[in-house]
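Some notes on the structure that comes next.
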Amino acid sequence: MWQGCLADTDYFELRSTGGHDYGVWVTTPPGYDPATTRAPAVYVLDGNWAVGMTAPLIVTQKDPMQQIQPYIQVSVGYAGADAQHWDRLRNRDLVPPGEPIAKELINAVEAGFQAGARTREESDAYLAELRDTRADAFLDFLTAELHPRIERDYGTAASGHGLFGYSYGGLFSLYTWLTGSTLFESVGAGSPGVVSEDSQVFARLEEMGDSLPAAKLHLTVNERELLGDLAVYQNLAKNTATVLHRLTARGGAVTSAILRETHVTGLQASFLSYLRTCRAR
């Protein structure tokens, strides 16, 4: 099935030492042969949603007008019964420990309930996952459990690995960059979910001072987030701009782009922006 829908893609499931089940899609470059040339891995978060929109872009490695450096895409999502609950389970895994729950986010969830997008039970469960967030544990899973398996089974390069996340995935990417993780040499953070002015992101920035990570960081936000009338997205765009200004003022290896998308439609465009900016030949 995967070969028919997503060319050159394998799928497997992996249980973390924390007892959580993850689904992993691995998409290799066209004609990939690790015996001749080993490619680095690019980890893409929210695999249940993102894999169908991002994995096909692996063909950019053969684009004669702007070639992208070879990479193996590793899309990480949820498996089994958890797959249908991916949009709330990601809150647990992608949000930094101690991240405050912004009033604007609570209001947006309530508005979704009033509009019929979620049941009351689903809305409560979504917010409940934000009360004990463990991005630190998920980062350990990616680097210490999943990556060694990818390295072993797919013959990855020793360096040049990347990470891309969008929305709360973008918040996780930003958090990972700020931790100074040495696995990733480039990080893409699309519309990172820095919704609160009291975000742990700002606390970490203060702690780091001028000693910023060497890895490339690419931030994107969407025009409709910035100019639209939804407070949760306005805050996200405003706070991301604040993060960007603080980083560039300190000489960080940071690039950025404003995309002509909404929060929902921006994922693919953000990933492509990351590839073009951080992984071009």
Side-chain angles (χ1 to χ4, degrees), residues 14-24 41-50 74-79 82 85-102 105-106 109 125-148 150 161-208 212-213 215 217-220 232 235-236 239-240 243 247 267 270-271 274:
L14 182 63
R15 173 162 290 187
S16 72
T17 55
H20 303 307
D21 293 322
Y22 294 99
V24 182
V42 171
Y43 290 85
V44 175
L45 306 174
D46 287 320
N48 305 87
W49 174 40
V74 183
S75 307
V76 187
Y78 299 95
D82 284 349
H85 303 301
W86 69 268
D87 69 329
R88 66 171 171 82
L89 292 176
R90 68 196 289 268
N91 297 351
R92 175 197 71 204
D93 287 341
L94 303 181
V95 177
E99 185 76 359
I101 307 175
L105 177 62
I106 295 173
V109 173
Y126 182 91
L127 293 174
E129 295 289 356
L130 290 169
R131 297 191 182 103
D132 183 22
T133 49
R134 293 301 310 274
D136 53 343
F138 185 64
L139 178 57
D140 287 343
F141 165 72
L142 286 184
T143 58
E145 298 180 54
L146 178 57
H147 182 68
I150 298 299
H161 308 298
L163 172 69
F164 174 82
Y166 187 81
S167 191
Y168 270 156
L171 177 61
F172 178 86
S173 290
L174 189 53
Y175 165 80
T176 298
W177 187 79
L178 289 168
T179 66
S181 173
T182 57
L183 177 60
F184 308 109
E185 293 186 14
S186 66
V187 173
S191 295
V194 188
V195 180
S196 172
E197 292 181 354
D198 298 324
S199 171
Q200 290 295 309
V201 166
F202 294 116
R204 283 187 170 269
L205 278 174
E206 290 301 317
E207 292 170 6
M208 294 177 69
L212 298 177
L217 173 66
H218 185 61
L219 292 170
T220 67
V232 64
N235 277 18
L236 179 154
N239 291 333
T240 299
V243 170
L247 290 175
L267 184 147
S270 180
F271 182 60
Y274 159 70

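- Residues passing the side chain to side chain contact (heavy atoms under 4.5 Å, CB included) test with Ser191 are Tyr166, Asn222, Glu225, Leu236, His263, sequence neighbours excluded.
- Minimum heavy-atom separation, Ala50 to Leu45: CB-O, 3.5 Å.
- Ring-plane geometry between Tyr22 and Tyr78 is classed as tilted, the angle between the planes lying from 30 to 60 degrees on a 0 to 90 degree scale.
- Evaluation of the side chain to side chain donor-acceptor pair (under 3.5 Å) rule for Thr220 yields Ser270 as partners, not counting sequence neighbours.
- For the pair Ser186 and His218, the minimum side-chain heavy-atom distance is 4.5 Å or more.
- Side-chain contact, Glu99 with Ser196: no donor N or O sits under 3.5 Å from an acceptor N or O.
- Inter-residue side-chain proximity for Tyr175 and Arg204 is flagged as met; some heavy-atom pair is nearer than 4.5 Å.
- Residues Phe184 and Ser173 are not in side-chain contact: their nearest non-hydrogen atoms beyond the backbone lie 4.5 Å or more apart.
- Within the 4.5 Å cutoff, the side chain of Leu219 has no heavy atoms near those of the Trp177 side chain.
- For the side chain to side chain donor-acceptor pair (under 3.5 Å) test, residues two or more places apart in sequence or in another chain that qualify with Asn235 are Glu104.
- By the 4.5 Å heavy-atom criterion applied to side chains, Ile150 and Leu146 are counted as neighbours.
- Among residue pairs with one or both ends in residues 131-141, those qualifying as salt bridge (Lys or Arg N to Asp or Glu O under 4.0 Å) are Arg134-Asp136; sequence neighbours excluded.
- Annotation: side chain to side chain donor-acceptor pair (under 3.5 Å) contacts of Tyr168 (sequence neighbours excluded): none.
- Considering only heavy atoms from C-beta on, Asp46 comes within 4.5 Å of Leu94 through its side chain.
- Contacts classified as salt bridge (Lys or Arg N to Asp or Glu O under 4.0 Å) and involving residues 187-198 (residues at least two apart or in different chains) are given here: Glu197-Lys238.
- Across all non-hydrogen atoms, the minimal contact from Ala41 to His161 is N-ND1, 3.0 Å.
- Considering only heavy atoms from C-beta on, Phe138 stays 4.5 Å or farther from His20 through its side chain.
- When atom types are taken as modelled, the side chain of Asn91 and the backbone of Glu129 share no donor-acceptor pair closer than 3.5 angstrom.
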